[in-house]
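Taking it in order: structure first as C-alpha cells, then the write-up.
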Amino acid sequence: MAVTAPAFETIAPPATSARKRRYTQDQVPLGKVLVRMLAGLIVLAVFTLPYVIMFFGSVKTKAQIRSVEPTYLPTEWHWENYLNMWSTPETPLVQNLISTIVISVFATLLVLLVAMPAAYYTARMHFPFRMLFLFLVIVTQMLQPAVLTSGLFRQFVTLGMIDTWAAMIFINAAFNLSFAVWIMHSFFAGIPKEVDEAAQIDGAGRLTVLFRINLPLVWPGIVTAIVFTFVACWNEFAASLVILSTAGNQPLSVALTKFVGQYETSWHYVFGVSIVAIIPVVILFMLIEKRLVGGLTAGSVK
C-alpha cells in the first residue's frame, strides 16, 4: 500500500511576535521624548525660578541683597532669618499667621455652607426669574473689595464690627460666594434628575438627596470651589488694609507691607514671609489633589 506524503502546511508566526512588532512600531521615538522632557523642564523653570530666587534672597543678609554686584546664590546661608522675622518690631507675624488662617478657613466654610444648597436649588428648581437671579449672582463677581472699601468701612463701623475677624470673614465670603455658586451649579445641573427621583421614591428627603446622593457626584466641583475660595481669601489685601487696623488682627498680606519702609526695606524678611505664606497653599493643593481623584470615582453608578 502506497503512502502519500503529507501536504505542505504553512506555519503562521506566533502571535506574540506580531504583538511585539506592533508595540515596537507604536513606541515614541527617543528624540521626541527628549524634546518633550526639555520643553517640560523649561516650563517648570519659568514658573519656579521666581520662587527659587525669593528663597535664596530669604537666606541672605540685607547687605548681600543690596550689594552693587549681586549674586543669585548667597555667599553665606543665614537660616536664622526664618527665626528672627517672627520677633521683629514691625509686626507680630505669629498673630498675623493665625489671623490669616482663621479668616481664610471660616470664610471658606461659610461659602460652602451657603453655596451648596443655593447651587442645588438653582439647578433643580425652575422658579420665576431664575436666569435673572443667576445673572445677578455672577454680576456681583465684577465688584471687587478695593472698589467698595469706603462703603464697607462705614457699614461695619455702624454694625460695631470694625477691626474684627468676623468682619473680614463676612467680606471674604460675600465676594467669593457668587463664583462658588456658579461652579457648583454647573456640576449639580449635570446630574440627571432621575437620580434624585429614584432616591425620593426610596423615601429620601431633600437634604438626604443633597448630602448623600448628590455631593459624592459633584465632589470635583466642591473641591474647585474650595481651592479658589481659600486662595482668594488667603491673598485678600485691600479690604483687610482698611477694615483691620490692629497689627495683630491683620493677615500676612498686609503684614508683609510693614517690612517695606520709606527709606529702607528688609528684603530678606519680605522674602522669608512670602515663602511662609506660600507653604499653606501648597499643602492645600497636595491634599486636594488626592480628594479630587477620589471624588471622580466616588459618584459612579452601578
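The basis for the numbers below is simple: all heavy atoms, side chains too, and nothing from hydrogens, waters or symmetry mates.
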Rounded distance (nearest 0.5 Å) linking atom [atom1] of [X] with atom [atom2] of [Y]:
X: His268; Y: Asn81; atom1: NE2; atom2: CG; answer: 5.0 Å
X: Thr208; Y: Ile213; atom1: OG1; atom2: CD1; answer: 8.5 Å
X: Ile183; Y: Asn176; atom1: CD1; atom2: CG; answer: 12.0 Å
X: Lys62; Y: Ser266; atom1: NZ; atom2: OG; answer: 4.0 Å
X: Asn96; Y: Ile101; atom1: CG; atom2: CD1; answer: 11.0 Å
X: Leu284; Y: Ile279; atom1: CG; atom2: CD1; answer: 14.0 Å

What closest approach, in Å, do [X] and [Y] show between heavy atoms, and which atom pair accounts for it?
X: Val254; Y: Ser240; value: CG2-CB, 3.8 Å
X: Pro92; Y: Ala247; value: CD-CB, 3.9 Å
X: Ala225; Y: Thr229; value: O-OG1, 2.7 Å
X: Glu90; Y: Lys258; value: CG-O, 3.6 Å
X: Val281; Y: Val231; value: CG1-CG2, 3.9 Å

Are [Y] and [X] connected into the same hydrophobic cluster when the rule is that any two of I, L, V, M, F, W, Y join if their side-chain heavy atoms are below 4.5 Å apart?
X: Leu83; Y: Leu256; answer: no
X: Leu152; Y: Leu110; answer: yes
X: Val282; Y: Val223; answer: yes
X: Phe237; Y: Val270; answer: no
X: Phe179; Y: Trp234; answer: yes

I'd like to check [X] versus [Y] (side-chain heavy atoms, cut-off strictly below 4.5 Å). Are they in contact?
X: Met85; Y: Val273; result: yes
X: Gln64; Y: Pro74; result: yes
X: Phe56; Y: Trp77; result: yes
X: Phe259; Y: Thr91; result: yes
X: Ile243; Y: Thr149; result: no
X: Leu148; Y: Phe175; result: yes
X: Phe187; Y: Ile191; result: no

Discussion item. Around atom CZ of Phe228, are there more than 12 heavy atoms from other residues, nucleotides or ligands closer than 6.0 Å?
Written reply: no
Task: Leu244 vs Ile103, side-chain contact (heavy atoms from CB on, under 4.5 Å): CA-CA, chis, key distance, verdict - done: CA-CA 12 Å; Leu244 302 176; Ile103 293 174; 4.2 Å; yes
How far apart are the C-alpha atoms of Leu215 and Met116, what are their side-chain angles, what is the distance that settles it, and do they pass the side-chain contact (heavy atoms from CB on, under 4.5 Å) test?
CA-CA 9 Å; Leu215 288 192; Met116 281 193 297; 3.7 Å; yes
Just distance, no hydrogens or angles: give the donor-acceptor pairs under 3.5 Å from side chains in residues 155-165, sequence neighbours left out.
| residue | atom | partner | partner atom | Å |
| --- | --- | --- | --- | --- |
| Thr158 | OG1 | Arg154 | O | 2.9 |
| Asp163 | OD1 | Ser245 | N | 3.1 |
| Asp163 | OD1 | Thr246 | N | 3.2 |
| Asp163 | OD1 | Asn249 | ND2 | 3.4 |
| Asp163 | OD2 | Ser245 | OG | 3.3 |
| Asp163 | OD2 | Thr246 | N | 3.4 |
| Asp163 | OD2 | Thr246 | OG1 | 2.4 |
| Thr164 | OG1 | Met161 | O | 2.5 |
| Thr164 | OG1 | Ala167 | N | 3.3 |
| Trp165 | NE1 | Ser99 | OG | 3.0 |

TODO: Take Ile226 and Val111, measure what side-chain contact (heavy atoms from CB on, under 4.5 Å) needs, and give me the verdict at the end.
DONE: CA-CA 9 Å; Ile226 291 175; Val111 167; over 6 Å; no
Applying salt bridge (charged side-chain N to carboxylate O under 4.0 Å, His left out) to Arg124 and not counting sequence neighbours gives Asp196
| task | Step by step, work out the side-chain contact (heavy atoms from CB on, under 4.5 Å) result for Phe188 and Leu210. | result | CA-CA 10 Å; Phe188 280 117; Leu210 171 61; 3.8 Å; yes
Applied to residues 33-60, the side chain to side chain donor-acceptor pair (under 3.5 Å) test, sequence neighbours excluded, yields Ser58-Tyr82
Checklist entry - What do the steps show when you test Glu76 against Thr61 for side-chain hydrogen bond (donor to acceptor under 3.5 Å, both in side chains), and what is the final call? => result CA-CA 8 Å; Glu76 296 180 1; Thr61 61; over 6 Å; no
